[in-house]
Each structure stands twice: as C-alpha cells, then as structure tokens.
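I have placed the structure first, in the form of structure tokens, so that the comments after it can refer back to it.
Residues take their numbers from the sequence shown, with the count starting at 1.
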Amino acid sequence: MPRSPASILPPRQISRLVCTSPAGRLSARVVLPSRPSGAAPLLVLHGISRNARELTELFRPEAERTGRTVIVPHFGDRAWPVFQRPSRKARPDQALLALLAAFEAAFPEQAGPVSLFGHSGGAQLAHRFAMLFPQRVADLHIAAAGWYCLPNRQMAYPYGLADSAAPRDLFWARRHGVGLRRFLDRPIHVYVGSRDTTRDEALRQTPELDRLQGETRLARARTYIQALRGAAAAEGCSPRIALHELPGCAHDVAWAVRHAGLARMVTAPAQTGLSSAA
C-alpha cells in the first residue's frame, strides 16, 4: 500500500503548498509534526503585516508539542491588496477553500474541518469565513480583530446581518446569516490584549463603528462576545464562547505568544463547556 505524503516527509519539515483558483493564487507553509496526534489541522491567518513566516515559527513549537499540522497561508500584497473581508472585488474565502482542498488532496488522512485562528486582519477574515462556511471549521480562535461582523439580524451589514442601503451588500448580509446557527454551534475563543487600547492607523475608525462596537480592540472584543452570547440564546444554541483577555499585551502577536502563551492556548484541546475568562 503506498504511503501518504505525510508519512514520507522527514520530521518537522515545513512543506510548501500552492493553489490557484478563480479567486487568485494562494501559497502556504505547512508544518508537519514528527509525531502526528490525529487532531484537526490548525489554519493560521496573518494580519495586514502579512507576517506568515513569523507566525509559522511562532506556532512551530506547538505543532511539534501537540502533534498538530499547522497551515499558514500568505496573502501576498500584490495579489491580495485587501483580504480581510470577502466582497465582490476580492474572494479570500474562495481562495482558502481551494487551499484546503489542495491540502486534503495531498494529505487525505487529515481531511475534515479545521481549527481556525486569525490575528488582527486575519481574525476579521477568520470569523467571516467561519460564518460563511461553518461546516469547514471545527473551532474558531480570533485574536485582536479591529472590528467584527456581529451576529445581529437587526444591525445593517457589514456591522451586522441585516440588509443595508447598499445593493451590493444584500448578498453578503444574507449569505453570512444563512449558517448562523451552525456557526454558533462550535467552540469560539476570542483573544485580546488587556493593553490593546491604542487607536492606531490600522484600526478602522468611524463614528458609527465606534458607537456600535467601541473605540478600541479591547472594547470591540467585549462587544463581540456579548453579541455572540445573545445570538446563541436567540438561536437556541448552548454557548461555547470564551473571552481571553491577555494580561499586559498590546497589539503584538509575537509578544502574546512568547509572554502570554497565546499559541499554547489556541492549540489546547477543545473544551465542551466554555465560560468567560478575563
């Protein structure tokens, strides 16, 4: 019987994966642990600094410790000037689906829903991808998103799921809302630094957004958690939602990994009963 691609690679190898789809070209680094545990692969999405290489190294020790494969896509700035939110102009969600299909073709023994993590701009894409394709996500981990699409059917898209005045938003509002109950029916972890309160240039700032979600990433994470819990209750789901406020952390994923144990928290075994952790 022929061996799978995973079994013939040397231990701790970082493999390359490239896929091309109508949405665009997307490459990824794949960290393969020497002793696979059989746990779901972890898909790690970078932010607007596009630090895929750094995230690969930050999560590589956890891949080896836990036996989990880690997939880190790179949305290059030329092909993907904007990747945080699916729209008519850019479909990073479709590129991720194509990447996961390519991964499963190369490693069929690891096919199935993935754990999904994103930081900053990557967290924006991660929670929107999970809303669009909940069947592809086993559990969701989002850190320090600048803002969120709230699971609120009365709030206009893109801040919520109600139709807005813009015709181009009608499809997206409805598409995000179709699988809402299924999206809420999984472990969801939100991470944010206790010092992530700076209104820097990368933070989206509008009067409406500040009013609806708060003025800082810390405030907006708290708003999102409350919105998730309210939506879960309305949809009849048993909430498995946790907020993790990382002490002493600002908006620096490397610091959060090295000093607050972020990567270890993300790769910890999924918990069935989650509660708020501050």
Quiz item: So, does Glu104 use its side chain to make a donor-acceptor pair with the main chain of Gly112 at under 3.5 Å?
Solution: yes
Quiz prompt | From Met265 atom CE to Phe117 atom CZ, the distance as rounded to the nearest 0.5 Å | solution = 10.5 Å
Quiz prompt | Rounded distance [0.5 Å steps], CD in Gln110 versus CD1 in Ile71 | solution = 7.5 Å
Exercise. Treat each ILVMFWY residue as a node, draw an edge where side-chain heavy atoms are under 4.5 Å apart, and state whether Leu125 and Leu97 are in one component.
Key: yes
Quiz item: Is Arg195 atom CZ crowded by more than 12 heavy atoms from other residues, nucleotides or ligands, each under 6.0 Å away?
Solution: no
Quiz prompt | Nearest non-hydrogen partners of Ala232 and Leu184, listed with the distance | solution = N-CD1, 3.8 Å
Exercise. Check for a donor-acceptor pair, side chain of Thr223 on one end and backbone N or O of Gln213 on the other, with a separation under 3.5 Å.
Key: yes
Practice problem: Would you kindly confirm whether Leu132 and Met155 end up in one hydrophobic cluster when ILVMFWY residues are joined by side chain heavy atoms under 4.5 Å apart? | Solution: yes
Exercise. Using the six-membered ring of Trp172, assess whether NZ or CZ of Arg91 lies under 6.0 Å from its centre and within 45 degrees of the ring axis.
Key: no
Practice problem: Indicate yes or no for a side-chain donor-acceptor contact from Arg50 to the backbone of Phe75 under 3.5 Å, with no hydrogens or angles considered. | Solution: yes
Quiz item: If every non-hydrogen atom of Gly177 is compared with every non-hydrogen atom of Arg153, which pair is closest and at what distance?
Solution: O-NH2, 3.5 Å
Self-check item: Heavy-atom donor-acceptor pair, Glu64 side chain to Ser34 backbone, under 3.5 Å
Solution: yes
Self-check item: Ion pair Asp210/Arg199, N-O distance below 4.0 Å
Solution: yes
Self-check item: Nearest atoms (heavy-atom pairs only) where Pro134 meets Gly179
Solution: CG-O, 3.9 Å
Quiz item: Can you check whether His251 and His119 have ring centres sitting under 6.0 Å from each other?
Solution: yes
Exercise. Keeping the roles fixed (side chain from Arg181, backbone from Gly236), state whether a donor-acceptor pair exists under 3.5 Å.
Key: yes
Self-check item: Nearest heavy-atom neighbours spanning Ala40 and Pro113
Solution: CB-O, 3.6 Å
Quiz item: Does Arg53 CZ have over 12 foreign heavy atoms under 6.0 Å away?
Solution: no
Practice problem: With sequence neighbours excluded, tell me which residues meet side chain to side chain contact (heavy atoms under 4.5 Å, CB included) with Ala202. | Solution: Ile48, Asp200, Arg217
Self-check item: Test item: His176 side-chain N/O and Ala173 main-chain N/O as donor-acceptor pair under 3.5 Å
Solution: no
Quiz item: Taking Ile225 as the fixed residue, which of Ile188, Val192, Val190 is the one that meets the side-chain contact (heavy atoms from CB on, under 4.5 Å) rule?
Solution: Val190
Self-check item: Qualifying residue, where the test is side-chain hydrogen bond (donor to acceptor under 3.5 Å, both in side chains) with Ser115 and the options are Arg68, His189, His141
Solution: Arg68
Quiz item: Is the shortest heavy-atom distance from the side chain of Glu54 to the side chain of His46 under 4.5 Å?
Solution: no
Practice problem: Show your reasoning for whether side-chain contact (heavy atoms from CB on, under 4.5 Å) applies to Phe59 and Val266. | Solution: CA-CA 10 Å; Phe59 277 85; Val266 170; 4.3 Å; yes
Quiz prompt | Where Asn152 and Gln154 come nearest, the two heavy atoms and their spacing | solution = OD1-N, 2.7 Å
Practice problem: May I ask whether Ile14 and Leu55 are part of the same hydrophobic cluster, defined by side-chain heavy atoms of I, L, V, M, F, W, Y residues being less than 4.5 angstrom apart, directly or through others? | Solution: yes
Practice problem: State, with a plain yes or no, whether a side-chain heavy atom of Arg220 is found less than 4.5 Å away from one of Leu209. | Solution: yes
Self-check item: Connected via hydrophobic side-chain network under 4.5 Å: Trp255 and Leu218
Solution: no
Quiz item: Does a side-chain heavy-atom distance below 4.5 Å link Phe183 with Glu235?
Solution: no
Practice problem: To the nearest 0.5 Å, tell me how far Tyr148 OH sits from Leu228 CG. | Solution: 9.0 Å
In residues 16-33, what donor-acceptor pairs under 3.5 Å come from side-chain atoms, sequence neighbours left out?
from  : atom 1 : to    : atom 2 : distance (Å)
Ser21 : OG     : Ala23 : N      : 3.2
Ser21 : OG     : Gly24 : O      : 3.4

Exercise. Indicate yes or no for a side-chain donor-acceptor contact from Arg204 to the backbone of Trp147 under 3.5 Å, with no hydrogens or angles considered.
Key: no
Practice problem: For Ala156 and Asp163, work out which heavy atoms get closest and say how close. | Solution: CB-O, 4.2 Å
Quiz prompt | Gln124 and Ile142: CA distance, side-chain angles, deciding distance, side-chain contact (heavy atoms from CB on, under 4.5 Å) verdict | solution = CA-CA 8 Å; Gln124 293 185 41; Ile142 49 179; over 6 Å; no
